[in-house]
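Throughout, protein chains are lettered first and strands after them, A, B, ... in sequence-line order, and every chain is numbered starting at 1. These numbers come from a predicted model, not from an experiment.
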There are 2 protein chains.
Amino acid sequence: MASPMHQVIAQDLRERIESGELLPGDQLPTELELRSRYGAARNTVRDAVRSLMTLGLVVSRQGQGTFVARRLEPFVTTLSPGPENGLSGTEGDDAFAEARRQHRRPSASVPRVETLLATRGIADELGVPEGTAVIVRRQERYLDGQPWSLQTTAYPMELAMQGAMSLLMAQDIPGGTFAYLRDTLGVAEVGHRDLIQVRPPTDDEARFFDLADNGRVAVVSCMRTGYQDTGEGPAPFRVTCTVFPADRNEFRISSGQVPPAQPAPAEG
Amino acid sequence: MASPMHQVIAQDLRERIESGELLPGDQLPTELELRSRYGAARNTVRDAVRSLMTLGLVVSRQGQGTFVARRLEPFVTTLSPGPENGLSGTEGDDAFAEARRQHRRPSASVPRVETLLATRGIADELGVPEGTAVIVRRQERYLDGQPWSLQTTAYPMELAMQGAMSLLMAQDIPGGTFAYLRDTLGVAEVGHRDLIQVRPPTDDEARFFDLADNGRVAVVSCMRTGYQDTGEGPAPFRVTCTVFPADRNEFRISSGQVPPAQPAPAEG
DNA sequence: GCAAATTTGTTCGTATGTATT
DNA sequence: CAATACATACGAACAAATTTG
């Protein structure tokens, strides 16, 4: 009963959206209209609309109006190994294959490569001393031309010293680094471990993914450490961090015996 | 240069927080102080502080002040099967074991049980017709007395008809439903598939997890479909949805050969 | 191409309510 | 009860982006 006016207005608008009275893409009443409809000040209706924006239910554009948000078609990334190969869908060619299965057109920027000294976090994951030289390869990845994910992979410089010089080249490695390291050095990934975190985007990430009100849409960070077999147990040799905006990505993990394929979602 | 005043103020405060000048738990200057410090109106400094709240950097409490947010100690849930058993850490006794390994004290509410007719979503996952009778068991789960996750599992009513009557009882099933179904009906889970989504909390979820400004902190929803072996391939027999607040939970997934244990994080 | 109208964004000022100390 | 601090609400003016005539 004692709810603040802006909450009441927000709740009312929310019900009109969720009931389907206002459809995605529809324009909400203007602030002037809402002001007279609810007998409230403009700042008050703006507070109400702002809370709907925080929920991602509406978006407003200066000079145009406020509109019911369109739901983004989620893209599903598989984090567990597929039955046919030992890979999974976050990285390289395999990510591309999964994207095409979902009828999306994947693309990626030319990799940017830098060499630096391992920070504490990277060193811990790679099992090397802090300050060890590492190669970092970065890529922006797109789906249907829209920003999809940011990927950063760190390898010990050691791998290049041993002959994997292509790691240092700022260009795609045909067939993927996975196959390249196996064929060049016999370094084969026999397992990996993912750590999934959800957090607010950095400014860079918000800019790349075009996340307007900074902080509203979270990002999912997937840090994958890849292991090779050394004869004395698995040892890490690369760590990849892939960052996805949470509002348009989902993740799938299979374990044990499950049906082979997922039924394709109904499309209009 | 042309940045709005509230953004400039927010950026300045943000830098003072991230540089360590203001430590977690410290009180920010009051709105009155900020107003005179930046020569801005109170509404303007409030806008600035609000954006820091959206980022989760500060929390404000009426009558007290605004404080730099304390980082929550993340809890790590393992989504992949462990080496010793065929389970993984989201559910039942296994979740409890994982919590204790991380030196947390887990607890859970007595299950609430209801029977209902499967909605479209549940029916699709269970591979039964829409409207089929299902048993739904719900639990609130806590870590060190703090709300941790909400778990809802749906089973076909068929399982109770075949003798698994405990599914209908609003009480814990000793040893877990996993073992119960195996021992009672020979229904053993041979695999499962997870779908992980990140979304704003519902009102119920925001209330349970005590997420203040509704919509700021996302929740991670993990929907796990469990499969049994029917001789004609795996068939689904249960679907569990576990919901975690994103600001205090992380997830780990292993695949292939990886080192057995994770080094315990350094503690102060 | 330009000017006017429309709509949201920013900023100011003020007053009162509510929770905490 | 009083003081403090954030929450809610009203009103007003101008800026910036977009659409319309």
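- Checking the phosphate oxygens (OP1, OP2) of C:dC12, a side-chain nitrogen or oxygen of B:T44 falls inside 4.0 Å.
- Regarding contacts with the backbone of C:dT6, every side-chain N or O of A:Q64 stays at 4.0 angstrom or more from both OP1 and OP2.
- Dashed line: the shortest gap from a side-chain N or O of B:T30 to OP1 or OP2 of D:dT4 is not under 4.0 Å.
- For the pair A:A40 and A:G63, both in contact range of DNA chain D, the more 5′-proximal nearest nucleotide belongs to A:A40.
- For B:R42 against D:dA7, a side-chain N or O and a base N or O form a donor-acceptor pair under 3.5 Å.
- With D:dG11, D:dA7, C:dG9 as the candidates, the nucleotide lying closest to the side chain of B:E31 is D:dA7.
- Side-chain N/O atoms of B:R46 include one lying less than 4.0 angstrom from OP1 or OP2 on D:dA7.
- Within the structure, a side-chain polar atom (N or O) of B:S60 is placed less than 4.0 Å from OP1 or OP2 of D:dA7.
- Judged by distance alone with a 3.5 Å cut-off, a donor-acceptor contact links the side chain of B:Q62 to the base of C:dG17.
- Between B:R104 and B:E73, none of the side-chain N atoms (NZ, or NE/NH1/NH2) sits under 4.0 Å from a carboxylate O, so this pair counts as no salt bridge.
- A salt bridge does not link A:R137 to A:D172: none of the charged side-chain nitrogens sits closer than 4.0 Å to a carboxylate oxygen.
- A cation-pi geometry, defined here as NZ or CZ lying under 6.0 Å from the six-membered ring centre and within 45° of its normal, does not hold between B:R248 and B:F75.
- A salt bridge links A:R50 and B:D47; the closest N-O separation between the charged side-chain nitrogens and carboxylate oxygens is under 4.0 Å.
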